[in-house]
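In what follows, chains are A, B, ... by sequence order, proteins preceding strands, each numbered from 1.
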Amino acid sequence: MNIFNKIEKELIDIVSEKKKELKLIQLNNFKGITVESPPQEFDFDLSSNIALILGKTNGIKPFELASNIKKLVILKSKNIETIEVAGPGFLNIKLTSQFIYQYILDIIKFDKNYGSSINDKSFNIEFVSANPTGPMHVGHCRGAIYGDVLSNLLKFNGNKVTKEYYINDYGNQIINFAKSVFLRIREIKYQEKFPADSDLYPGQYILDIAEEIINSHPKLSFSDFKKDYELLAEESLKYSMKLIKSDLKKLGIQHDYFFSEKEIVKKDLVNKAIKILEKNDYIKEGYLDPPKGDDTKNWIKKKRLLFKSKLFGDDTDRALQKNDGTWTYFANDVAYHLDKVSRGYDFLINILGADHTGYIKRISGAVSALSQNKIKLECRVCQLVKLYKKGKPFKMSKRAGDFISAQDLLKEVDKDSIRFMMLNRSNDMELDFDFDKVLEKNKENPVFYVQYCYARINSLFNTLKINLKDPLIYNGKDFNLNSYEIRIIRKIFNWPKVIETASKKFEPHRIPFYLYDLATLFHSYWSKGNEDENYRFINNGVIRNTKTLFIIKSLSIVIENGMNILGVSLPKKM
RNA sequence: GCGCCCUUAGCUCAGUUGGAUAGAGCAUCGGUUUUCUAAACCGAGGGUCGUAGGUUCGAAUCCUUCAGGGCGCGCCA
C-alpha cells in the first residue's frame with residue numbers, strides 16, 4: 001500500500017521492457033532510483049529521478065532520456081494521467097482520478113493497517129531501567145515515551161516487540177539506599193540527625209518509605225543496620241518499584257518483562273557469559289590505568305579480568321572484576337545481555353539517557369562478541385529535557401531533592417500532552433519542555449491542534465448524521481478533486497513512507513510532525529468555506545460532494561493510526 | 001586532553017537513506033466571523049544551512065579542517 005513503490009515498480013518495468021528502444025545498456029539494477037513527492041509548487045502527485053540516474057550511467061542526456069521515457073509511460077500506464085519533464089530531467093507525474101479513487105477505497109478498506117508494511121522481525125527494546133532507588137524523573141519520562149512509541153511503531157509495522165526493564169537492584173547503590181531509609185527511620189524514631197553525605201539519598205520519598213516500614217514493623221527497634229539490612233533493602237526496593245511502575249502506568253506505559261540484576265548474581269550467570277567470551281578470545285587478564293582526575297584514593301593496581309572492548313572502538317578495555325574479585329556492574333550487564341541474545345530476538349535495542357553515551361561501545365561490543373557478530377545491539381540516546389515554566393527555567397523539586405520527578409510533571413500536565421510533546425523533537429536534540437505552553441488550547445500547542453482537527457471531523461459527520469465508521473456509498477464517477485483535496489490526498493500518500501522511515505531509523509518524532517502538517521491542511525480546507533461557499537462541506541444539511549467525505553474519512557484514518565502509535569487519545573468533542 | 005551528540009530565519013525546530021527556488025510554528029506587520037466550532041484561516045517581510053576546503057550533473061545532507069554549545073570519560077551503578 002505504498003504508492004511510491006507501486007509507481008516506481010511500474011516505471012522500472014516499462015523501462016526494462018523498452019531497454020533497447022531507450023538505448024540503455026547499463027541498468028545497474030536500478031540502484032538509486034526513487035519516486036517521491038515533488039515540492040508543492042510543482043503541483044504534481046509524484047516525481048522520479050529515474051532519467052537522471054540512468055542517463056548518467058548510460059551517457060545519455062537526462063532530459064532527452066526523460067522525454068523518451070515519458071512517451072512510453074504515457075502510452076503504457078493505465079494509472080498515470082500526465083507526465084512533465086522538469087528541471088534537469090525529473091519526471092513529474094499526475095495520476096488518473098480513477099487510480100486515486102481506488103487508492104482511497106483501499107485506505108478505507110485497510111483502515112487500522114493503512115501505512116503498515118509486512119514485517120515479521122522480533123525486537124527486544126530495553127528502556128527506562130531507572131535505578132530503583134527513587135521515583136522517576138523527567139529525563140526518564142522522555143526515554144520511557146520514546147521506547148514505548150518506538151515499540152508501538154515497530155509493532156504497527158508487523159514486528160514482534162518485547163518491552164523490557166532491567167532493574168539494577170544490586171550493588172552499592174542499594175546498600176546506600178537501604179542505609180538512607182535506615183537513617184530516616186532513626187531520625188523519626190530517635191530524633192537522630194540525618195547526615196549530609198553525598199552517597200545517601202535525601203529525598204522526601206525516603207521519609208515515606210521509612211514511615212511505612214516503621215508502621216509495618218512496629219516491634220523492630222532498628223538498632224543494627226547490618227541485622228536489618230535484608231528487610232530494609234527488600235521493602236525499600238519494593239516501594240520504589242511500585243512508585244516507578246505507577247508513574248509508568250500514568251504515562252500509559254507497560255513493560256512486558258522486568259529482569260532483575262539480583263537474579264543474575266544469584267544464578268551466577270556471569271560465569272556462563274565469561275566462558276563464551278574467553279572461548280572466543282575477548283577476555284584477558286591485565287591492569288588498567290588509574291582513573292583520571294584526583295579521585296584515586298580507592299584505586300589499587302591489581303591484575304583482573306578485562307573485556308577487550310578496544311576491539312570494538314572503545315577507549316580502553318573494561319574491567320569485569322572489582323578489587324575484591326566480585327563482578328562489576330558491567331560484568332552483570334554482559335550476563336544479562338547474554339540472556340537477551342539467547343532468547344533469539346532478531347534485534348536488540350537499548351534506550352539510554354545522555355549520561356550513558358560512554359557505555360555504548362562496551363555493551364554493544366559485548367553483544368557482538370557474545371553472539372559471534374550475529375546480533376547487533378542498537379543503542380539510542382535521548383538528550384536532556386530542560387524544563388520551563390512561563391518561559392523561565394524550572395529546576396528544583398521539593399519531593400525528590402535535586403530533580404523534578406515524573407510525579408511533579410504528571411500533577412500539572414496530562415499524559416497525552418506529555419507524550420506528544422516529548423516526541424515532538426528528534427531524540428538526539430535537547431528538548432525544552434514548558435509546563436504552561438503544553439496546556440494552552442491553541443495552535444501553539446501541537447497536541448491540541450491535531451486533536452482539534454479530529455474533533456472537527458467528528459463534528460462534521462455528526463452534523464451529517466453519519467457514523468464515521470459506517471461505509472460510504474458512492475459510485476466513484478467524476479472523482480475530480482479540488483486543490484485542497486489534492487493537497488490532502490498527496491499528504492496521505494506519504495503516510496506509509498513516514499512510517500517506513502521512522503521505523504527504519506528509529507525516529508518516531510517524524511509522526512507528530514507529519515500529523516501536524518496533515519492537520520494544517522484540514523484546518524485550511526475547513527476555513528476556506530468561510531470565504532467561499534463553494535468550498536463548504538455541507539449544503540442544506542447534506543454533503544455537497546460525497547467524494548469529499550472519502551478524502552476526510554481517509555484523513556481521519558491516518559490521524560487515528562498516527563495517534564494510536566503515539567499513544568495519545570483523540571477526543572470526539574472538545 | 002579524548003569520545004559521542006548538536007550548530008538551519010530574531011526565537012524554538014523539521015528537512016523524505018545526495019535532488020528542483022531550503023520549510024513549519026512563535027514573534028513582527030496586515031487581513032478574514034450574520035457559517036459545517038474564529039480553540040481556526042489567509043497574506044507579507046525575514047536565510048552566506050557555524051567556518052574553510054573536498055567528493056559530483058547536483059551537498060543543509062557524504063569526507064576532512066577549525067570554531068562554539070551539550071553529555072560522558074571509575075574497580076559507582
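- Put simply, Tyr449(A) has a side-chain N or O that comes within less than 4.0 Å of OP1 or OP2 on rC41(B).
- Taking the salt bridge (charged side-chain N to carboxylate O under 4.0 Å, His left out) definition, one finds that Lys572(A) meets it with nothing, sequence neighbours left out.
- Residues that satisfy the side-chain hydrogen bond (donor to acceptor under 3.5 Å, both in side chains) test with Arg142(A), not counting sequence neighbours, are absent from this structure.
- Regarding contacts with the backbone of rC36(B), every side-chain N or O of Lys528(A) stays at 4.0 angstrom or more from both OP1 and OP2.
- Close to rC42(B), at under 4.0 Å from its OP1 or OP2, lies a side-chain N or O of Ser524(A).
- Contact annotation: side chain of Asn442(A) to base of rA38(B), donor-acceptor pair absent below 3.5 Å.
- A donor and an acceptor atom sit less than 3.5 Å apart, one in the side chain of Asn530(A) and one in the base of rU35(B).
- Donor-acceptor pairing under 3.5 Å, judged by distance alone, is present between the side chain of Ser47(A) and the base of rA20(B).
- No side-chain donor-acceptor contact under 3.5 Å links Arg304(A) to the backbone of Gly325(A).
- When the side-chain nitrogen and oxygen atoms of Trp526(A) are compared with OP1 and OP2 of rA38(B), one or more of them lie within a distance under 4.0 Å.
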Distances under 3.5 Å between protein N/O atoms and the N/O atoms of nucleotides 3-10 of chain B, please, pair by pair.
| unit_1 | atom_1 | unit_2 | atom_2 | d |
| --- | --- | --- | --- | --- |
| rC5(B) | O2' | Asp428(A) | O | 3.2 |

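- For Lys443(A), the side-chain contact (heavy atoms from CB on, under 4.5 Å) partners are Tyr449(A), Tyr516(A), not counting sequence neighbours.
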Write out a two-atom table: protein N or O, nucleotide N or O from nucleotides 21-27 of chain B, distance below 3.5 Å.
none

Could you pull out every donor-acceptor pair under 3.5 Å between side chains of residues 499-506 of chain A and any protein atom, sequence neighbours left out?
| unit_1 | atom_1 | unit_2 | atom_2 | d |
| --- | --- | --- | --- | --- |
| Thr501(A) | OG1 | Lys497(A) | O | 2.8 |
| Ser503(A) | OG | Asn157(A) | ND2 | 2.9 |
| Ser503(A) | OG | Ile499(A) | O | 2.6 |

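- Annotation: side-chain hydrogen bond (donor to acceptor under 3.5 Å, both in side chains) contacts of Tyr336(A) (sequence neighbours excluded): Glu164(A).
- For the side-chain hydrogen bond (donor to acceptor under 3.5 Å, both in side chains) test, no residue two or more places apart in sequence or in another chain qualifies with Asn540(A).
- Residues meeting the side-chain contact (heavy atoms from CB on, under 4.5 Å) test with Asn530(A), sequence neighbours left out: Ser527(A).
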*Map every base of RNA chain B to its dot-bracket character, where paired means a Watson-Crick or G-U wobble contact with both distances under 3.5 Å and | marks a partner outside the strand.*
(((((((..((((.....[...)))).(((((.......))))).....(.(((..]....))).))))))))....
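- Qualifying salt bridge (charged side-chain N to carboxylate O under 4.0 Å, His left out) partners for Lys9(A), counting only residues two or more places apart in sequence or in other chains: Asp13(A).
- Taking Asp314(A) as the reference, Ser309(A), Arg318(A) meet the side-chain hydrogen bond (donor to acceptor under 3.5 Å, both in side chains) condition, with sequence neighbours excluded.
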